[in-house]
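As structure tokens, the structure follows; a few thoughts come after it.
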Amino acid sequence: MSEILKVNNVTKFYGKQRVLNGVDLSINQGEIIGLVGPNGAGKTTLMKIITGLIPKYEGQVFIDSRNIKDRKHLKTKEIGCVIEVPGFYPELTGYENLLFFAEISGLKDKSEINEIVKSLGIEDYVNKKVKKYSLGMKQRLGVAQAVLTYPPVLILDEPTNGLDPAIVPQLRKFIKHIAKEKNTAVLISSHILSEIELMCDKVVFIQKGEIIKVENLEQEGKSSSKVAFVTSKLDKLEQFFNTKNISHQVTSKEELQAEVDIKELEDLILSISKADIPLRSVHEVKESLEEKYLKTMGE
Ligand SMILES: Nc1ncnc2c1ncn2[C@@H]1O[C@H](COP(=O)(O)OP(=O)(O)OP(=O)(O)O)[C@@H](O)[C@H]1O
Ligand SMILES: [Mg+2]
């Protein structure tokens with residue numbers, strides 16, 4: 001996987017207020033990165049800089065190793081974005097808007113439009129005039145427009161904002177699909193952390209204009225896991241872990257947790273039973289993104 005987007009030491013001032021401070025970010029082709037942080041952290045500002053909507057800033061942004069300030073060709077081909085409420089021609093239908101955009105972007109194969117309209121599930125209303133659209137309808141049309149030319153980089157600022165929860169899984173599936181099939185790099189912001197957790201490979205935490213943490217969500221290749229053991233005989237279980245030299249934490253009066261090699265878990269449970277220690281439950285403990293967020297932002 002090669003790097004497609006690089007943000008290098010970007011700082012942005014609005015007047016005297018510094019809203020971004022030395023931001024570095026790198027995204028590979030096909031990678032989906034979540035951008036999370038409190039209101040006013042600088043997410044939209046960063047996304048606007050990457051898409052060229054804010055031309056004045058310190059530092060550099062490279063797409064495919066080219067500084068975006070040096071690009072002479074149409075930027076619509078390189079980067080697709082939905083930032084805030086997308087602008088459309090209200091008197092045209094959704095389809096006509098897409099067609100218009102396809103034409104100015106030089107898209108040859110118009111059948112792609114129908115394919116995207118179908119996978120986003122907007123065919124029911126794509127022939128209605130945009131002025132009659134609800135917020136969520138516009139939002140989805142915005143995503144269609146952003147991916148129309150299959151740009152190598154896709155920037156989505158709160159794309160699920162205002163969307164009916166029944167639609168969200170479809171949008172998520174669509175975004176994952178284009179990341180995988182078209183090798184698109186996606187940077188997506190949202191306050192709905194469960195959404196980010198389901199969709200992203202990595203999460204970038206931003207606070208007061210600074211990236212304070214990058215967390216890998218991909219679990220592949222992970223061999224050990226935190227496991228909770230629940231028993232009414234906690235004393236005996238603790239003793240057992242002590243004699244086996246397995247480090248652990250007691251988390252309640254009937255539970256302890258330990259980092260365990262998954263391949264060895266079955267044998268461990270067997271030997272606990274052989275030691276006459278009854279187990280009521282053994283389960284993997286996963287920290288949710290919300291818990292990670294609260295920890296990270298609280299520090
Ligand atoms: N046009 C502007 N002029 C002056 N200050 C601005 C402007 N746009 C944003 N800001 C300020 O920059 C900071 C970052 O705003 P930004 O919109 O990037 O935050 P955000 O992380 O997207 O927040 P939210 O989660 O609420 O969307 C805020 O303090 C905001 O007040
Ligand atoms: Mg924002």
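All ligand and atom numbering here is 1-based and tracks the order in the structure. Everything quoted here is computed from the prediction, not taken from an experiment.
- No side-chain donor-acceptor contact under 3.5 Å links His283 to the backbone of Ser281.
- Just one of Tyr89, Phe88, Tyr95 meets the ring-ring contact (aromatic ring centres under 6.0 Å, His included) condition when paired with Phe100; it is Tyr89.
- Protein N, O or S atom count below 2.8 Å of the Mg ion (ligand 2): the structure gives 1.
- Between Ser225 and Glu284, the closest side-chain pair of non-hydrogen atoms falls below 4.5 Å.
- Between Phe241 and Phe229, the ring centre distance stays below 6.0 Å.
- In this structure a side-chain-to-backbone donor-acceptor pair under 3.5 Å is present from Lys110 to Leu107.
- With a 6.0 Å radius and a threshold of 12 heavy atoms from other residues, nucleotides or ligands, Glu266 has its CD atom at or below the threshold.
- Under the 4.0 Å criterion applied to side-chain N and carboxylate O atoms, Glu215 and Lys202 are not assigned as salt-bridge partners.
- Distance alone, capped at 3.5 Å, is enough to place a donor-acceptor pair between the Glu96 side chain and the Thr93 backbone.
- No more than 12 heavy atoms of other residues, nucleotides or ligands sit less than 6.0 Å from atom NZ of Lys233.
- Listed by chain and number, Tyr14, Gln17, Val19, Pro38, Asn39, Gly40, Ala41, Gly42, Lys43, Thr44, Thr45, Glu158, His191 each place a non-hydrogen atom less than 4.0 angstrom from ligand 1.
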